[in-house]
Amino acid sequence: MNLYQELLWRGFVYQATEGAEEAVSRGKITAYVGFDPTAPSLHVGSLLPIMGLVHLQRHGHRPIAVVGGATGMIGDPSGKSKERVLLDRETLERNLQGIKSQLEKFLSFTGENPAILVNNYDWTHSLSVIDFLRDIGKHFSVGYMLAKESVKRRLEGEGISYTEFSYMLLQAYDFLHLYDHYNCILQMGGSDQWGNITAGIDLIRKVRGGKAYGIVFPLLTTASGTKFGKTEEGTVWLDPSLTSPYKFYQFWLNTDDRDVGRYLRFFTLLPKEEVEALEEELRRRPEKRLPHRRLAEEVTRMVHGEEGLQRAKRASMVLFGGSPEGVSADELEEIMSHVPSVQMTKQEVLSLSMTELATRSGLTSSKGEAKRLIAAGGLYLNNKKINNPARKVEVKDLIEGRLLILRKGKKNYLLIKAK
RNA sequence: GGGCAGGUUCCAGAGUGGCCAAAUGGGGCGGGCUGUAAACCCGCUGCCGCAAGGCUUCGGUGGUUCGAAUCCAUCCCUGCCCA
């Protein structure tokens with residue numbers, strides 16, 4: 001099975017330019033994917049293009065990851081209805097570092113076909129306006145640019161600045177640069193990148209007479225129609241300090257039944273037979289949620305390592321398997337290390353009512369909310385439902401005199417450490 | 001630079017002098033059912049307060065008025081058209 005066939009059965013190929021399959025099958029090639037440094041970390045949505053690069057490398061091709069130090073300063077209008085707020089240089093630099101270290105977990109930068117990590121700022125920052133307009137701008141008609149989906153949609157909506165309008169030219173130039181310097185002939189990306197990718201292919205054809213190709217991945221969706229990669233807490237990041245391995249594991253475990261097969265193909269390296277066996281298992285014994293467990297394990301291990309996975313599983317077991325009773329404070333602390341926690345003084349804790357405790361600790365954002373929560377029967381202290389909002393915290397509530405476990409609903413735990 | 005249309009609570013969007021903390025939908029949160037799923041049902045969804053009630057909010061500022069999201073002035077922002 002070659003790379004293209006693998007990408008195909010896994011569902012990665014949403015759209016491909018003419019000849020892409022052939023080009024990939026002909027021999028070892030170099031291909032790239034771009035990553036946007038708008039946030040300090042990549043998130044689970046970026047996992048799809050990352051896996052694209054992983055497959056590329058596993059099939060012996062050379063992957064290039066481009067971080068958009070330059071394009072990040074401009075803002076890609078693709079898939080965005082609003083003009084972006086420009087990032088300052090320091091933020092951008094910090095984000096680049098974070099992304100870089102994350103990519104290093106997935107790709108091998110040594111060996112036979114080492115991955116390459118580059119920053120497009122390196123070849124873009126010194127480009128003069130005159131050169132840009134003569135060497136790149138000259139090859140694009142305004143009609144061509146206006147016809148791009150990303151531009152069209154914005155023109156119909158709230159408009160687009162010249163800055164973002166120019167974005168596609170910079171990305172096209174990236175492709176040309178990589179074509180020239182690394183013989184990179186394929187660009188992959190999310191389906192919203194189609195316009196930018198084809199712009200690059202056209203530029204390469206026009207100025208070098210070269211052939212280049214593009215493959216775009218499908219938009220990640222959830223069966224329930226919510227945005228993929230979001231939970232109640234917001235985006236699911238790859239950085240453990242932004243999304244704990246426990247939360248990360250839980251995110252995958254909670255995958256909708258209807259999505260789990262697709263996600264196994266996208267986000268794990270499990271072979272076809274295994275994925276299909278898991279799907280069969282889902283049909284036969286859905287309540288076991290075996291595919292969900294496997295998905296969560298595979299992805300968590302890949303992102304957070306074996307150690308992170310084991311901790312996440314242990315925490316999940318205690319939090320969902322039973323009650324914290326009978327578990328020592330030390331053990332609890334270890335298990336809850338991935339659950340949000342706050343420090344408070346013992347004195348403070350003991351002076352508070354339940355509504356105050358929930359609010360002060362950050363579990364609820366106001367006393368009003370805490371009150372409503374209690375009225376609805378959704379607040380638990382040490383896994384026991386709280387009915388009285390005025391109830392004070394008592395000494396006997398403290399596990400071994402120093403821990404409190406506060407819970408909102410079924411899944412939202414907060415550990416309070418009293419000193 | 002000129003003309004027109006807009007800027008409302010997380011989002012969309014109603015409201016056009018008091019009955020407005022502001023309809024409705026979405027989202028979110030909680031409860032129920034279950035499998036830590038989906039679907040479905042119920043409740044909640046500005047802040048403080050046990051409550052009565054109070055406080056802050058409708059792009060910014062200043063005004064008119066007993067009273068303003070609603071009227072006036074001015075500024076800022078966005079879209080469309082013209083130059």
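Both backbone and side-chain heavy atoms feed into the values below; hydrogens, waters and symmetry mates do not. Throughout, protein chains are lettered first and strands after them, A, B, ... in sequence-line order, and every chain is numbered starting at 1.
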Hey, is A/E356 close enough to A/K367 for a salt bridge, meaning N to O under 4.0 Å? yes

Using the six-membered ring wherever Trp is involved, compare the ring planes of A/W123 and A/H177 and label them parallel, tilted or perpendicular (cut-offs 30° and 60°). parallel

Same-atom distance (C1') from B/rC11 to B/rU45, integer angstrom: 14 Å

State the pairing partner of B/rC71; accept Watson-Crick or G-U wobble contacts with both distances under 3.5 Å, and report none otherwise. B/rG63

Rounding to the closest angstrom, what is the interatomic distance between B/rU16 and B/rC71 at atom P? 10 Å

Rounding to the closest angstrom, what is the interatomic distance between B/rA69 and B/rG2 at atom P? 31 Å

Which label fits A/F320 and A/Y413: parallel for a plane angle under 30°, tilted from 30 to 60°, or perpendicular past 60°? perpendicular

A/E149 and A/R153 ion-paired at < 4.0 Å: yes

P atoms of B/rU24 and B/rG46, separation to the nearest Å: 13 Å

What integer distance in Å separates A/R154:CZ from B/rU78:P? 12 Å

B/rG27 -> Watson-Crick or G-U wobble partner, both distances under 3.5 Å, gives B/rU45

Taking the C1' atom of each, how far is B/rC82 from B/rA21, in whole Å? 42 Å

Pairing nucleotide - B/rG1, Watson-Crick or G-U, each distance under 3.5 Å: B/rC82

For the residue pair A/F165 and A/Y162, does the interplanar ring angle fall in the parallel (under 30°), tilted (30 to 60°) or perpendicular (over 60°) class? tilted

Atom CG of A/L373 to atom C1' of B/rG28: distance rounded to whole Å? 13 Å

What string of B, S and - do you get for nucleotides 35-50 of chain B, 5' to 3', when a contact is any protein heavy atom under 4.0 Å? BBBSS----SS-SSB-

Is A/F109 atom CZ crowded by more than 12 heavy atoms from other residues, nucleotides or ligands, each under 6.0 Å away? yes

